[in-house]
Number of protein chains: 2
Amino acid sequence: MKEITIQQNKVLDCIQDYINKTGFPPTRANICKELGFKSPNSAETHLRALEKKGFINIESGTSRGISLVNPKVNKNNEDAFPIIGLVAAGSPTLASENIEKTVNCSPTFFRESFDYFLRVKGLSMKDAGIMEDDLIAVKKTQDIRNGDIVIARIEDEVTVKYFERKSPEVVHLKPANEDFNDIEINLKETEIFIEGKSVGLIREN
Amino acid sequence: MKEITIQQNKVLDCIQDYINKTGFPPTRANICKELGFKSPNSAETHLRALEKKGFINIESGTSRGISLVNPKVNKNNEDAFPIIGLVAAGSPTLASENIEKTVNCSPTFFRESFDYFLRVKGLSMKDAGIMEDDLIAVKKTQDIRNGDIVIARIEDEVTVKYFERKSPEVVHLKPANEDFNDIEINLKETEIFIEGKSVGLIREN
DNA sequence: AATAGTACTGAATATTTATACAGTATATTA
DNA sequence: TAATATACTGTATAAATATTCAGTACTATT
């Protein structure tokens, strides 16, 4: 198999992304729009080159008749997600010094997309089935609803709790363990930063 | 989600097969040829019914713009693991009728290899952080040690418990929930089959 | 008895799409 | 120096395709 050029690789990635996103391959026009080409023939020639080099098959006379030859090229299907362990005070969560290791896993593994895994310390969410050393799939978002399990940062300490907004100024962070107490936060007095919410969990026995 | 009819299910299977075979969804005409319809409108009406019932999405004005809501991945994919739901009495665990759906995941995702996921029913292992609807990664093995979480079948009922061998003839299956009682099994009286053991867990929030 | 859903045939049509043709330009190879 | 591959724009068009309309027939529900 001949070498692929940078542009051809962009087209190949574009096809992969399009399939992952929509479930079906793109048209020439779709590729043009995605990569900024102004003529469908730009896509066409790249496709012919990719076919010649064995990266794709093109079903002649068929709309969207592009198929990827090497299904392992589906690496967009398997991304590496970092596991965040102890988060140093003040440092950005995803800073490399906080990354324990990475896990290969599909971005669509859980019902919602997510950004990283957080390794759980302590048993404050025990009754929600979240145990020490479990990996919580964290989605970085500010779109939090009451009852969501949130990853919150209060004065440089990271904690995982149920979220409940009592009033515009008062937020409760509730553990799922009777040995722990609710944390009541008055936003006028105490600063709180919501890192995101839990969208899933993995336990390595 | 409403019930699917026999014909609609044939169309759904046809779409799945077509995608697995070609890499892209079929046209109305393709479906007609495959299923012996003589008018593209036969396919069209089935597709609209399937969309209405939530099995597929149709991108309007787009050729081959069909995408499956719950796509089953090619069985040749080494990284597709079945989720086993309710296991019918007497039927082999991995029989296709027991497969709820499949999950894409690396075989080496957990520390030990595994064979399938079991969807948990009930809260008998609550204090071990195993909640209802969690997915347990099950390794089919007879190599069980005391303290392992096993998937056991006792008289056609499947249960997840801690395993403890008291003597060559007596086995205890211990729940992790004080509302449940230990199950003591005398192997001379009661037959027990160990399906395997838990090597990990996934929770889809 | 009327309504709605399923399950088709058959034909018509507007839109989508692949694909060919005509160019321009640059870099690499023989 | 000529040939070849890459990397595009721009236009045109035949073929592929979605989608609508007009029917027929059966079944289940109200």
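Within every chain, numbering begins at 1; the chains are lettered A, B, ... in the order of the sequence lines, protein sequences first and strands thereafter. Bear in mind that the values here come from a model prediction, so they are computed numbers and not experimental data.
Regarding contacts with the backbone of C/dA7, a side-chain N or O of B/H46 is found under 4.0 angstrom from either OP1 or OP2. Between B/K53 and C/dT6 there is a side-chain N or O to OP1 or OP2 distance below 4.0 Å. Proximity of A/T45 to the phosphate of D/dC8: no side-chain N or O atom is located under 4.0 Å from OP1 or OP2. Proximity of A/Q7 to the phosphate of D/dT6: no side-chain N or O atom is located under 4.0 Å from OP1 or OP2.
Atom C1' of nucleotide C/dC8 and atom NZ of B/K10 are separated by 13 Å, given to the nearest angstrom. Rounded to whole Å, atom C1' of C/dA7 lies 15 Å from atom CD1 of B/I31. Rounded to whole angstrom, the span from the CD1 atom of A/I6 across to the P atom of D/dA5 amounts to 20 Å. For the pair A/E51 CD and D/dT6 P, the interatomic distance rounds to 14 Å; values are reported in whole Å. For the pair B/K38 NZ and C/dA11 C1', the interatomic distance rounds to 16 Å; values are reported in whole Å. Rounded to whole Å, the distance from NZ on B/K52 to P on C/dT6 is 7 Å.
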Atom pairs under 3.5 Å: protein N/O with N/O of nucleotides 16-20 of chain D:
from: D/dT17; atom 1: OP1; to: A/S63; atom 2: N; distance (Å): 3.0
from: D/dT17; atom 1: OP1; to: A/S63; atom 2: OG; distance (Å): 3.1
from: D/dT17; atom 1: OP1; to: B/R64; atom 2: NE; distance (Å): 3.3
from: D/dT17; atom 1: OP1; to: B/R64; atom 2: NH2; distance (Å): 2.6
from: D/dA18; atom 1: OP1; to: B/R28; atom 2: NH1; distance (Å): 3.4
from: D/dA18; atom 1: OP1; to: B/R64; atom 2: N; distance (Å): 2.8
from: D/dA18; atom 1: OP2; to: B/R28; atom 2: N; distance (Å): 3.0
from: D/dT19; atom 1: OP1; to: B/S60; atom 2: OG; distance (Å): 3.3
from: D/dT19; atom 1: OP1; to: B/G61; atom 2: N; distance (Å): 2.5
from: D/dT19; atom 1: OP2; to: B/R28; atom 2: NH2; distance (Å): 2.9
from: D/dT19; atom 1: OP2; to: B/R48; atom 2: NH2; distance (Å): 2.9

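A/R203 pairs by the salt bridge (Lys or Arg N to Asp or Glu O under 4.0 Å) definition with A/D134, not counting sequence neighbours. For A/D127, the salt bridge (Lys or Arg N to Asp or Glu O under 4.0 Å) partners at least two apart in sequence or on another chain are B/K126.
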Result block: side-chain N/O donor-acceptor pairs under 3.5 angstrom for residues 179-190 of chain B, not counting sequence neighbours:
from: B/E184; atom 1: OE1; to: B/H172; atom 2: NE2; distance (Å): 3.2
from: B/N186; atom 1: OD1; to: B/K188; atom 2: N; distance (Å): 2.9

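Separation of atoms CD1 (A/I194) and CD1 (A/I151) is listed at 9.0 Å; rounding is to 0.5 Å. The distance from the CD1 atom of A/I31 to the CD1 atom of A/I66 is 4.5 Å, given to the nearest 0.5 Å. Taken to the nearest 0.5 Å, the CG atom of A/L47 stands 12.0 Å off from the CG atom of A/N57. Remark: A/N9 CG to A/F55 CZ distance equals 8.0 Å, nearest 0.5 Å.
For residues 38-49 of chain A, the pairs satisfying side chain to side chain donor-acceptor pair (under 3.5 Å) are A/R28-A/E44, A/E44-A/R48, A/R48-A/E51, with sequence neighbours left out.
Between its opening and closing five pairs, the helix from C/dA1-D/dT30 to C/dA30-D/dT1 changes axis direction by 30°, a value rounded to 10 degrees.
The listed nucleotides are C/dT6, D/dC8, C/dC8; the one nearest the side chain of B/Q8 is C/dT6.
B/D148 has its side chain out of reach of B/Y162: every pair of non-hydrogen atoms, C-beta onward, lies at least 4.5 Å apart.
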